[in-house]
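In what follows, a structure is listed as structure tokens, so that the remarks can point back to it.
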Amino acid sequence: MKILGIEFAFDFCDADQAEVYEREVKRVVEQVQDKNQYAGKSNADSMRFQCRVIDNFFDAVLGRGTADLLFHGKANLREHLEAFGEVSDAAKESNAQLFALTNRYAPNRAERRQEQKCQERQAGSGKARHAPRVR
């Protein structure tokens with residue numbers, strides 16, 4: 001996965017790595033949405049707070065020092081959000097690839113139902129029996 005032009009080894013399909021990613025995304029959302037974190041802070045201090053939250057995310061998910069590697073100690077909210085967005089996009093792409101892979105090998109329900117109806121007709125049962133619905 002590439003973040004701000006830097007390549008990182010991360011596998012969203014690895015359960016252990018995915019668990020850390022999910023936990024840390026939840027933490028980012030909770031912290032950034034907590035209105036108490038912004039009480040009495042200037043706009044600049046609020047931006048620094050959000051940058052620190054994202055720094056902590058990267059260090060937790062990709063290893064200590066990742067935030068410094070990406071941001072060089074700067075508190076540029078645009079860069080932090082861009083990097084966070086790139087990880088989110090990579091997660092979505094990985095999920096789409098996994099979904100496509102599982103669909104490739106999952107039987108098609110409509111085809112199964114049609115095939116079952118054809119088999120019943122060929123068997124000469126006279127009545128179309130309905131199989132229980134699979135959900």
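The first residue of the sequence shown is numbered 1, and numbering continues consecutively from there. Quantities reported herein were computed from a predicted structural model and do not represent experimental measurements.
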- Item | Close side-chain approach of Phe71 and Asn76, heavy atoms under 4.5 Å | no
- Between the side chain of Lys92 and the main-chain N/O of Ser88, is any donor-acceptor distance below 3.5 Å? no
- Query: Shared ILVMFWY cluster between Val20 and Met1, side chains joined below 4.5 angstrom?
  - Reply: yes
- Across all chains, not counting sequence neighbours, the side-chain contact (heavy atoms from CB on, under 4.5 Å) partners of Ala100 are none
Can you give each donor-acceptor pair under 3.5 Å made by side-chain atoms of residues 29-36, sequence neighbours left out, with the distance rounded to 0.1 Å?
from	atom 1	to	atom 2	distance (Å)
Asp34	OD1	Asn36	N	3.1

Taking distance alone, no hydrogens or angles, what donor-acceptor pairs closer than 3.5 Å link side-chain atoms of residues 51-58 to residues at least two apart or in another chain?
from	atom 1	to	atom 2	distance (Å)
Asp55	OD1	His80	NE2	2.7
Asn56	ND2	Arg52	O	3.3

- So which pairs with a foot in residues 70-80 pass salt bridge (charged side-chain N to carboxylate O under 4.0 Å, His left out), sequence neighbours left out? none
- Task: Any pair with a residue in residues 60-72 that passes side-chain hydrogen bond (donor to acceptor under 3.5 Å, both in side chains), sequence neighbours left out, goes on the list, sorted by first then second residue, please.
- Result: none
- Note on the structure: For residues 17-37, the ring-ring contact (aromatic ring centres under 6.0 Å, His included) pairs (sequence neighbours left out) are Phe12-Tyr21
- Query: Sequence neighbours excluded, which residues qualify as ring pair (Phe, Tyr, Trp, His ring centres under 6.0 Å) partners of Tyr38?
  - Reply: Phe49
- Any residue meeting salt bridge (Lys or Arg N to Asp or Glu O under 4.0 Å) with Arg23, in chain and number order, not counting sequence neighbours: none
- Query: side-chain contact (heavy atoms from CB on, under 4.5 Å) with Glu86: which residues, sequence neighbours excluded?
  - Reply: Ile3, Leu4, Glu82
- Message: With a 3.5 Å distance limit and no angle check, can you tell me whether Thr102 reaches the backbone of Leu98 through a side-chain donor-acceptor pair?
- Response: yes
- Taking only residues two or more places apart in sequence or in another chain, which ones pass side-chain contact (heavy atoms from CB on, under 4.5 Å) with Asp14? Asp11, Asp16, Gln17
